[in-house]
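The next block holds one structure in the form of structure tokens; read it before the comments.
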Amino acid sequence: MINKDIVIIGGGPAGLAAAIGAYEAGNKDIVILERDNQLGGILNQCIHPGFGLHTFKEELTGPEYASRYVKKINDLGIESKLETMVIDIAPNLIVSAINETEGVIQYQAKAVILAMGCRERPRGALNIPGTRPAGIYSAGTAQRYVNIEGFMPGKSVVILGSGDIGLIMARRLTLEGANVKTVVEIMPYSGGLKRNIVQCLDDFNIPLKLSHTVTKIHGKTRVTGVTIARVDDDKKPIPGTEEFIECDTLLLSVGLIPENELSRKVGVKINPRTQGPIVTESLETSIKGIFAAGNVLHVHDLVDYVSGEAYLAGKNSVKYIDGLLNENHMINIVTQDGVRYSVPSSINPKNAEDLSLIRFRSTDVYKDAYVSVFLDQERIIHSKKKIITPGEMEQVTILKKWLQDRPINSIFIKIEKE
Amino acid sequence: MPTKEMICISCPMGCMLSVDYDETGVLKVTGNQCKRGEIYASKEVINPRRVVTSIVPVIGGVEDMVSVKTATDIPKDLMKDCILALKNIKVQAPVEIGQVILENVCGTNVCVIATKRVEKKL
Ligand SMILES: Cc1cc2nc3c(=O)[nH]c(=O)nc-3n(C[C@H](O)[C@H](O)[C@H](O)COP(=O)(O)OP(=O)(O)OC[C@H]3O[C@@H](n4cnc5c(N)ncnc54)[C@H](O)[C@@H]3O)c2cc1C
Ligand code: SF4
């Protein structure tokens, strides 16, 4: 058994920033455990630009963004173990991991930071009739094939789902010479960022078919085409609207789910809406000493936010170890009227930073609506938005001083028409 | 005076821009939340440009491929040609971030540079 103050699970942007946060808060007894053969997480396969505008004031590619953090980790001399997979966390903070050279390694930690990121929704979650020929990939797997291994999954492609990874792959495959025929989205709105619709689809005249889905996959050994159809308000295909599209590849970009097998096993409470741990303003989960940040918590659009959040988790883990994290006086954050969830789900004014960010997603598309925040009955934020969509994460800032003047039971976040 | 509606792609905010322009250029941009929006609109109406990213094979490295990008944006019409120009290129490990992989790609005066470090295989 190795004693280690802070054990970080996952060496993606969240794990890296959490380590730096902890180090800069004064605790240098840290280890990062990463199952892959390099640090950087999913950023290594995101070779497109669009990362780091907030943090570095320039637009970096995924690998460039990751390398800045990896360099800092190396410069600070923070320990990381690659090709080391965590297999268990015990409630008394014993973390078990395995790797080829050392076998099973056990750490007795004082604080654990969950930074395992997310994985793609499995194909089984989709109920598409037809055979299961070769040529069906998840968008993230295709991204790895094309950008890390350097081979193309196919020549003519249909993409199901308009999440950002699917959109980015539409452009990438087109530029590499594939014919991306269409992106099919079951919802009446896109799941990705507007800028990605413009620069990944519009730039190449790739049609986006909203309120459509794939109803059948054709082909015995290899995909030969798909049937798509328009769907009604209940997402049921409308008979008579079917259309056959010839293709040899179908990419599924149907969303990401936080990777929380380890968290569930140790008994961390999970929010059914985010599929990630329920956390406080300090990013502490329902188990004392276990913190979480990044995509393991909820799916983020922007890696900059992941880094900021994780830095805070690292810093707070040190506060916790030093006995400086106050565990009483929680104010609940209640989401209602069009707000699906928030992270965090509670704030303790004693622990809060001067400015606390609360991030949330809406349940639906709202035009010219207001994001409102109430401290009990009093409306304290009422800000007009041209458009609020589930595809783009929203945030509000709560000032610590608002919470200190008088006792508050709950903070309500809602979307109001006026 | 024509007006064009467009979404600014310079950052994830994705502001909806309204651009008034004539043959002399862009006259007025509204809807932007920052200066970059104005710069984007001026380029987009007259000469749209994009950064292109891809990968090229590495010889003797710990990884088989290295990711690359154009150092600045290039004319949008040349994106595919840029990818084609990279098809014949291979680099020798080690590769450093920012190392020039191809100079003056497609006559744009823009270099293609590496965006990842790849060490030599021992
Ligand atoms: C396939 C895919 C593609 C994406 N593409 C984009 C994109 O194009 N643009 C964009 O802005 N965002 C993209 N994202 C979102 C992006 O992942 C996040 O912005 C950011 O990378 C999240 O950082 P993270 O550290 O939380 O997670 P990750 O980057 O996923 O890192 C998690 C790390 O934890 C490791 N890990 C997991 N479980 C264990 C374990 N048990 N033991 C040890 N290590 C473990 C993983 O190997 C991984 O390295 C993508 C996400 C995915 C899944
Ligand atoms: S105008 Fe500024 S804030 Fe708006 S999308 Fe463009 S760069 Fe972003």
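Reminder, nothing fancy here: chain letters follow the sequence lines and each chain counts from 1.
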Where do A:Thr101 and A:Glu83 land on the side chain to side chain donor-acceptor pair (under 3.5 Å) test, with the steps shown first?
CA-CA 10 Å; A:Thr101 50; A:Glu83 297 183 80; over 6 Å; no
Hey, are the side chains of B:Ile101 and B:Ile113 touching, using non-hydrogen atoms and a 4.5 Å cut-off?
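The answer is no, as the side chains (C-beta and beyond) never meet within the 4.5 Å cut-off.
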Side chains of A:Leu256 and A:Ile165, heavy atoms from C-beta outward: is any pair under 4.5 Å?
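They are in contact (side-chain heavy atoms under 4.5 Å apart), so the answer is yes.
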Interchain contact, [X] with chain A, by part (heavy-atom threshold 4.5 Å):
| X | result |
| --- | --- |
| B:Met13 | backbone |
| B:Ser10 | backbone |
| B:Lys80 | both |
| B:Ile55 | both |

With a sphere of 6.0 Å drawn around CZ of B:Arg50, does it hold more than 12 non-hydrogen atoms of other residues, nucleotides or ligands?
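Yes, enclosed.
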Go through B:Ser67, B:Ser54, B:Gly14 and name the one with the most non-hydrogen pairs under 4.5 angstrom from chain A.
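Greatest number of close heavy-atom pairs with chain A: B:Ser54.
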If you take all heavy atoms of [X] and [Y], which pair is closest and at what distance?
| X | Y | result |
| --- | --- | --- |
| B:Tyr40 | B:Ile7 | CE2-O, 3.6 Å |
| A:Cys200 | A:Ile206 | O-CD1, 3.7 Å |
| A:Gly294 | A:Glu309 | N-OE2, 2.7 Å |

Contacting moiety of [X], where chain B heavy atoms sit under 4.5 Å:
| X | value |
| --- | --- |
| A:Val70 | neither |
| A:Phe204 | side chain |
| A:Asn44 | side chain |
| A:Arg172 | side chain |

So, the side chain of A:Glu185 versus the backbone of A:Met187: is there a donor-acceptor pair under 3.5 Å, distance only?
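Flag set: sc A:Glu185 to bb A:Met187 pair under 3.5 Å.
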Who wins among [options] for the most heavy-atom pairs under 4.5 Å with chain B?
| options | value |
| --- | --- |
| A:Ile387, A:Leu193, A:Leu302 | A:Leu302 |
| A:Lys194, A:Arg195, A:Glu392 | A:Arg195 |
| A:Gly150, A:Gly40, A:Gly177 | A:Gly150 |

State whether a side-chain donor-acceptor pair under 3.5 Å links A:Asp202 with A:Gln199.
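Per modelled atom types, A:Asp202 and A:Gln199 side chains form no pair under 3.5 Å.
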Give me the one residue out of A:Arg361, A:Lys385, A:Arg359 that meets side-chain hydrogen bond (donor to acceptor under 3.5 Å, both in side chains) with A:Glu394.
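That would be A:Lys385.
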Which distance, rounded to the nearest 0.5 Å, do you find between the NZ of A:Lys81 and the CG of A:Asn99?
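Nearest 0.5 Å value for the NZ-CG distance: 6.5 Å.
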Applying side chain to side chain donor-acceptor pair (under 3.5 Å), run through B:Lys116 and A:Gln38 and close with a yes or a no.
CA-CA 12 Å; B:Lys116 195 169 183 205; A:Gln38 55 181 337; 2.7 Å; yes
Neighbours of chain B found in residues 53-69 of chain A - heavy atoms under 4.5 Å:
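Checking residues 53-69 of chain A against chain B gives A:Leu53, A:Glu59, A:Thr61, A:Pro63, A:Glu64, A:Ser67.
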